[in-house]
Amino acid sequence: MPNPCILCVAITGSVPTKAANPAVPISIAEQIESTHEAFEAGASICHAHVRNPDETPSSDPEKFAALQEGVRKHCPGMIIQFSTGGRSGAGQERGGMLSLRPDMASLSVGSNNFPTRVYENPPQLVDWLASEMRQYEVKPEIEAFDLSHIHKAAEMNRDGRIPGQLYIQFVMGVKNAMPADRETFDFYIKTVNRLSPDAQWCAAGVGPNQIVLNDWAIAAGGHARAGLEDNVRIDKDTLAPSNAALIKRAADLCERYARPVATPAQAREILGLRPG
């Protein structure tokens with residue numbers, strides 16, 4: 001039977017700027033347009049951060065609300081996933097938009113090193129974010145920057161802090177965190193299958209590792225993330241013209257490996273989400 005591949009577009013993030021690539025969408029209008037292009041190229045999940053006009057990260061719920069409204073209008077059925085990442089705010093500010101009831105939200109369940117700082121996810125904050133997601137019926141996407149994060153997610157699933165089927169994303173290639181290492185990637189899959197056999201998993205690679213992780217994940221039967229948040233280039237000499245171009249590249253890999261690109265409706269069914 002065909003195994004549809006869910007493609008997630010990470011449209012903006014907290015770090016890339018227009019100085020790095022003019023295609024990085026900053027304003028809400030730019031983000032909606034860029035998401036629509038990626039949606040038409042095959043993306044069924046929009047992983048969303050929001051920015052201030054000066055391009056600095058924001059956790060303003062009003063910005064998230066405007067983005068969600070625009071994506072729902074222009075990308076029917078697309079899964080909206082808000083970021084609760086630590087670059088956009090501090091403490092409970094990171095989850096201030098969860099009351100908007102997006103379909104999903106990212107959840108980092110442990111701390112790790114980033115290029116120039118420690119990405120802090122203390123247990124009390126992790127538990128609070130998870131409780132907010134339960135309250136507002138938001139499905140977490142576990143961002144696993146380390147093997148311990150997979151174990152923690154499985155523990156939280158067993159004790160009910162993260163109910164239902166797990167969705168775990170392997171994030172590889174962040175400087176000072178987990179490199180894009182094939183044996184580690186394979187062990188991640190083995191660990192997920194052992195600890196949570198019904199879980200779904202995805203992979204994201206940072207910088208030039210994006211296409212590497214796209215290839216590994218699609219070939220191995222998982223799901224894939226691409227977009228300007230993680231990688232502003234098509235190759236070392238060429239800037240990516242759009243988020244859609246990076247999603248199209250992942251969709252081409254799906255064709256190579258005989259994996260149909262999941263429609264939004266299929267993605268919702270795979271992830272156990274309410275209809276869009």
Side-chain angles (χ1 to χ4, degrees), residues 6-18 23-40 43-108 121 125-143 162 164 167 169 225 227-230 242-244 247 264-265 267-268 271-276:
I6 299 169
L7 298 182
C8 171
V9 59
I11 56 173
T12 300
S14 294
V15 176
T17 64
K18 287 188 178 295
V24 174
I26 300 297
S27 71
I28 298 301
E30 288 175 337
Q31 289 182 306
I32 293 167
E33 181 179 2
S34 187
T35 301
H36 181 253
E37 292 172 352
F39 174 73
E40 293 198 323
S44 54
I45 300 176
C46 169
H47 175 74
H49 296 243
V50 293
R51 302 281 193 95
N52 296 310
D54 65 358
E55 301 192 47
T56 56
S58 173
S59 57
D60 183 355
E62 290 188 5
K63 290 184 171 66
F64 277 105
L67 178 58
Q68 179 167 258
E69 180 182 4
V71 172
R72 284 180 173 167
K73 177 179 178 181
H74 295 285
C75 308
M78 192 176 201
I79 297 164
I80 298 171
Q81 180 190 104
F82 289 165
S83 171
T84 66
R87 287 192 176 102
S88 301
Q92 294 186 2
E93 184 181 20
R94 289 167 50 178
M97 80 300 285
L98 294 173
S99 61
L100 296 169
R101 297 181 180 269
D103 301 292
M104 300 181 73
S106 62
L107 179 64
S108 297
N121 292 289
L125 178 59
V126 172
D127 285 343
W128 181 81
L129 287 168
S131 72
E132 290 290 287
M133 293 182 196
R134 292 196 305 275
Q135 177 180 347
Y136 294 113
E137 299 182 306
V138 178
K139 184 179 180 69
E141 179 196 73
I142 307 304
E143 292 191 325
I162 301 175
Y167 188 54
Q169 176 175 257
R225 166 168 142 167
L228 292 166
E229 170 176 350
D230 301 329
S242 63
N243 276 303
I247 289 295
R268 287 177 179 276
L271 297 177
L273 297 174
R274 56 188 178 267

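Computation of the quantities below employed the complete heavy-atom set of this structure, encompassing side-chain atoms and omitting hydrogens, waters and symmetry-equivalent molecules. Note that the structure is a prediction, hence the values are computed from the model and not measured.
F39 pairs by the ring pair (Phe, Tyr, Trp, His ring centres under 6.0 Å) definition with nothing, not counting sequence neighbours. Considering only residues two or more places apart in sequence or on other chains, S99 meets the side chain to side chain contact (heavy atoms under 4.5 Å, CB included) condition with Y136. Shown here are the salt bridge (charged side-chain N to carboxylate O under 4.0 Å, His left out) partners of E141, two or more places apart in sequence or in another chain: there are none. Looking at residues two or more places apart in sequence or on another chain, you find a side chain to side chain contact (heavy atoms under 4.5 Å, CB included) between S108 and Y119, N121, E143, F145.
I79 places none of its side-chain heavy atoms less than 4.5 Å from the side chain of I6.
Sorted by first and then second residue, the salt bridge (charged side-chain N to carboxylate O under 4.0 Å, His left out) pairs involving residues 62-82 (not counting sequence neighbours) are D60-K63. Identified under the salt bridge (charged side-chain N to carboxylate O under 4.0 Å, His left out) test for residues 46-57, with sequence neighbours left out: none.
Between T12 and the choices H47, E229, Q31, the side chain to side chain contact (heavy atoms under 4.5 Å, CB included) rule is met once, by Q31. Considering H49, Q92, E93, R94 in turn, E93 is the only one that fulfils the side chain to side chain donor-acceptor pair (under 3.5 Å) rule with S59.
Residues L228 and A23 share a closest heavy-atom pair of CD1-O, 3.5 Å. When all heavy atoms are compared, the tightest approach of V138 to A105 is CG1-N, 3.5 Å. In terms of heavy atoms, K18 sits closest to V24 at NZ-O, 2.9 Å. Minimum interatomic distance between P76 and P264 (heavy atoms only, all atoms of both residues): O-CG, 4.3 Å. The two residues L107 and A130 come nearest to each other via the heavy atoms CD2-CB, 4.2 Å. The nearest pair of heavy atoms linking G227 to V9 is CA-CG2, 4.5 Å.
By the 30° and 60° cut-offs, the orientation of the rings of F64 relative to F82 is tilted.
The OG atom of S44 sits 7.0 Å away from atom CE of M78, with the distance rounded to the nearest 0.5 Å. A distance of 10.0 Å separates CD1 of I247 from OG1 of T35, quoted to the nearest 0.5 Å. Annotation: the span from S27 atom OG to L67 atom CG amounts to 10.0 Å, rounded to 0.5 Å. In this structure, NE2 in H74 is found 12.5 Å from CD in E37, a value given to the nearest 0.5 Å. Note that CD of E137 and CZ of R274 are 6.5 Å apart. Values are rounded to the nearest 0.5 Å. To the nearest 0.5 Å, the span separating CD on Q135 from CZ on R101 amounts to 7.5 Å.
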Practice item. Could you walk me through whether V50 and I28 pass side chain to side chain contact (heavy atoms under 4.5 Å, CB included), step by step? Key: CA-CA 8 Å; V50 293; I28 298 301; 4.2 Å; yes
Exercise for review: Mind running side chain to side chain contact (heavy atoms under 4.5 Å, CB included) on M133 and T84 for me, showing each step along the way?
Suggested key: CA-CA 11 Å; M133 293 182 196; T84 66; 4.1 Å; yes
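No donor-acceptor pair under 3.5 Å is formed between the side chain of K139 and the backbone N or O of D103. A donor-acceptor pair under 3.5 Å is formed between the side chain of N243 and the backbone N or O of I11.
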